[in-house]
A.B. asks: 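The structure that follows is given in the form of structure tokens.
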Protein chains: 2
Amino acid sequence: MPNNQFKKSELYSFITGVASTAIARRLQKKFNQADLSLTIEQWSVLYHLWKEDGISQQDLCKATFRDKPSMTRLVDNLEKAGMVKRIPSRSDRRKNLIYLTERAKEIQDTCYGFAEETVEEALSGVSQDKIEVCKEVLKVVYENLR
Amino acid sequence: MPNNQFKKSELYSFITGVASTAIARRLQKKFNQADLSLTIEQWSVLYHLWKEDGISQQDLCKATFRDKPSMTRLVDNLEKAGMVKRIPSRSDRRKNLIYLTERAKEIQDTCYGFAEETVEEALSGVSQDKIEVCKEVLKVVYENLR
DNA sequence: TTTGGTTAGTTGTTAAAACAACTATATGCC
DNA sequence: GGCATATAGTTGTTTTAACAACTAACCAAA
């Protein structure tokens, strides 16, 4: 058996996502401490809407790598929290277009700052070169399995 | 602002764990297709028990990076599925020691093969050097945030 | 040996994930 | 136009995640 094989089999943490779980928990704590009642999942939806809103739930599914029922419920909860509004599309009556509320726009910078802070903490002591390699590998993994 | 900072802030996929989610889903599919009614979370518990069983739920919490209530329920379900048994510790009556059943021992090699296969598929085209860098970075992240 | 703090595990609750099954609308082909 | 198929979104169900609050048992110090 080539050495290659053996090493790959030890990638338990890759499968279980221990690192991303740790980062997500840290970010969640920052949200809680700032009394932003926002889950990481909700944040991940807002993250894309801050770049561009007025997109469909289906677009958000692709962006966040989640299925349609999950998105329905995430948007439900974001709507209850007063962060987004569903506006029926006029060109395609099957679609909801999701728009940010003023409240959601207000918290954008705060949330962005917390995310930045969290990633800084997580990657402290890691060289930029290595970070680039990781980003690259994570992207390949995503492409390989899509 | 140093270039360094800007790049880190773009690590959305690090926080959301898109890659590990993709890997976990792929592995879950293999389990389902083989009629192994086993969730990834249950598998992650068995993964450690296959190395050493007769350990406490608390030990499993540390190993799998989950909290105590989550482990109670995972062990509940593994017990229902006939994969493990709780045996009260004689030296410390607070503790349950978790033992594998014969059934769990039987499926070890099959599960291990599926995990190996999945990681192979995920990392196809990625050099061993880069994989090593990733493992290293993920470990540092975990240490930084623990 | 009693008291106070710690550790192991369980229960309750809310949000989310994944899958199947469903409705409604759109689209492409005859 | 009418029908088959695809797409957008919702609902139902089961399992998990995370947190708080709880019980039971252990341990150490007065």
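Order of the sequence lines sets the chain letters (A, B, ...), proteins ahead of strands, with each chain counted from 1.
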A.B. asks: Report, as a single string ordered 5' to 3', how protein heavy atoms within less than 4.0 Å touch nucleotides 11-24 of chain C: B base, S sugar-phosphate only, - not at all.
C.D. replies: BBB-SSSBBB----
A.B. asks: Rounded to whole Å, how long is the line connecting atom CZ of B:Arg90 with atom C1' of D:dC26?
C.D. replies: 18 Å
A.B. asks: Whole angstrom is fine here: how far is it from NZ in B:Lys95 over to P in C:dG9?
C.D. replies: 7 Å
A.B. asks: Report the distance from atom CG of B:Leu78 to atom C1' of D:dT15, rounded to the nearest whole Å.
C.D. replies: 12 Å
A.B. asks: Just the rounded figure in Å: distance from P of D:dA25 to CZ of B:Arg93.
C.D. replies: 5 Å
A.B. asks: Take the protein atom CD of B:Gln58 and the nucleotide atom C1' of D:dA25, then report the distance between them rounded to whole Å.
C.D. replies: 14 Å
A.B. asks: Return the value, rounded to whole Å, for the distance between atom CD of B:Gln57 and atom P of D:dA25.
C.D. replies: 15 Å
A.B. asks: Name the orientation class of the two ring planes belonging to B:Phe31 and B:Phe114 (parallel below 30°, tilted from 30 to 60°, perpendicular beyond 60°).
C.D. replies: perpendicular
A.B. asks: From D:dT10, C:dG9, C:dA26, pick the nucleotide closest to the side chain of A:Arg86?
C.D. replies: D:dT10
A.B. asks: Under 30°, 30 to 60°, or over 60°: which ring-plane class applies to A:Tyr12 and B:His48, parallel, tilted or perpendicular?
C.D. replies: perpendicular
A.B. asks: Please, which pairs that meet salt bridge (Lys or Arg N to Asp or Glu O under 4.0 Å) have at least one residue in residues 13-31 of chain B, sequence neighbours excluded?
C.D. replies: B:Arg26-B:Glu121, B:Lys30-B:Glu117, B:Lys30-B:Glu121
A.B. asks: Does A:Arg73 come within less than 4.0 Å of A:Asp67, counting only side-chain N to carboxylate O?
C.D. replies: no
A.B. asks: Do the non-hydrogen side-chain atoms of A:Cys111 and A:Leu46 ever get within less than 4.5 Å of each other?
C.D. replies: no
A.B. asks: To the nearest Å, give me how far apart CG (B:Asp92) and C1' (C:dA8) are.
C.D. replies: 7 Å
A.B. asks: Could you state the CZ-C1' distance from A:Phe31 to D:dA18, rounded to the nearest angstrom?
C.D. replies: 16 Å
A.B. asks: A:Leu27 pairs by side-chain contact (heavy atoms from CB on, under 4.5 Å) with which of A:Leu38, A:Thr118, A:Val119, A:Asn32?
C.D. replies: A:Thr118
